[in-house]
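The block underneath contains the structure these notes are about, expressed in structure tokens.
Just so it is clear, the values below take in all heavy atoms, side chains as well, and ignore hydrogens, waters and symmetry mates.
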Amino acid sequence: EQLARTIRTVGYVTPDETLVRHVHTKISGWIEKLEANFTGQWVEKDSPILSIYSPELVASQQEYLTVRERIGKVGGVDSPEFMKTEENLVKTARYRLQLFDVPETFIEELDQSGIVKKTVTLTAPSSGFITTKEVFEGHQVEPVHRRSQRDVGLAHRPLLLLPARADEALVHHLRDR
């Protein structure tokens, strides 16, 4: 004969902190379109989360296209050292866009079209549920992190934890289920 004992306690469902990602822009700008619309929404890795207008991103795109266009067009300078410098300028301008988390697909499209776009669509760095969303369309965002700053939090789905407290005298009655 088996006896059962009911133990009541309080627990909170929380995501595994090792799988939580903080999503924040690395540039100043204004949110033009928000794809990640609500807390609890599932987003896939590399799916669009927001489109941002940033004068700095517009200038970085223009700089990249200008130095890329200029290769081989400077008259009278045929030295290999000069060409190497020009190629390094292109790599540096491209790298700057990458440091701002501009997706590679956007940079490839910029290469093909040669047209600067007003907004850049940023993508999710990982799959997960939106756990916090402190930004809305039209908001201005800054790359400075403050608790009051606007950002988005993502938590991966499979591991949710239920930390609970139980009286020490009852612990020996608990087991994993």
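Between the side chain of T92 and the main chain of N88, a donor-acceptor pair closer than 3.5 Å is present. Using modelled atom types, no side-chain atom of S126 and backbone atom of K45 make a donor-acceptor pair closer than 3.5 Å.
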query: Under the salt bridge (Lys or Arg N to Asp or Glu O under 4.0 Å) criterion, do E56 and R96 qualify, and how do the steps go?
result: CA-CA 11 Å; E56 193 171 2; R96 182 177 185 182; 3.7 Å; yes
message: Using side-chain contact (heavy atoms from CB on, under 4.5 Å), reason through Q41 and K133 one step at a time and then give a plain yes or no.
response: CA-CA 10 Å; Q41 180 181 355; K133 184 186 86 66; over 6 Å; no
- request: Given salt bridge (Lys or Arg N to Asp or Glu O under 4.0 Å), test R94 with E108 step by step and report yes or no.
  value: CA-CA 10 Å; R94 183 184 187 96; E108 289 168 5; 5.0 Å; no
message: For Q61 and E63: C-alpha separation, side-chain torsions, deciding distance, then whether side-chain hydrogen bond (donor to acceptor under 3.5 Å, both in side chains) applies.
response: CA-CA 5 Å; Q61 290 177 72; E63 175 187 23; over 6 Å; no
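One finds no salt bridge joining E86 and K84 here, because no Lys/Arg side-chain nitrogen approaches an Asp/Glu carboxylate oxygen to under 4.0 Å.
Proximity of H139 to E134: side-chain heavy atoms (C-beta onward) are nowhere separated by under 4.5 Å. A 4.5 Å side-chain heavy-atom check between I130 and V43 finds at least one atom pair inside the cut-off. Between F100 and L57, the closest side-chain pair of non-hydrogen atoms falls below 4.5 Å. Side chains of Y64 and R68 form a contact here, defined as non-hydrogen atoms less than 4.5 Å apart. V58 has its side chain within reach of Y53: a pair of non-hydrogen atoms, C-beta onward, lies under 4.5 Å apart. Looking only at side-chain heavy atoms (C-beta outward), I27 and S54 come within less than 4.5 Å of each other. For the pair E137/K33, a side-chain contact is recorded, criterion being any heavy-atom separation below 4.5 Å from C-beta on.
Rounding to the nearest 0.5 Å places CG of L122 at 9.5 Å from CZ of F106. Here the CH2 atom belonging to W30 is positioned 15.5 Å from the OG atom belonging to S51, to the nearest 0.5 angstrom. For the atom pair L110 CG and L97 CG, the distance stands at 7.0 Å (nearest 0.5 Å). Separating the CG atom in L65 from the CD1 atom in I115 is a distance of 9.5 Å, to the nearest 0.5 Å.
Between I52 and the choices V141, L34, T121, the side-chain contact (heavy atoms from CB on, under 4.5 Å) rule is met once, by V141.
The side chain to side chain contact (heavy atoms under 4.5 Å, CB included) test applied to Q62 returns T66, V116, not counting sequence neighbours. For the side chain to side chain donor-acceptor pair (under 3.5 Å) test, residues two or more places apart in sequence or in another chain that qualify with K26 are D101.
Side chains of E142 and S28: a donor on one and an acceptor on the other come within 3.5 Å.
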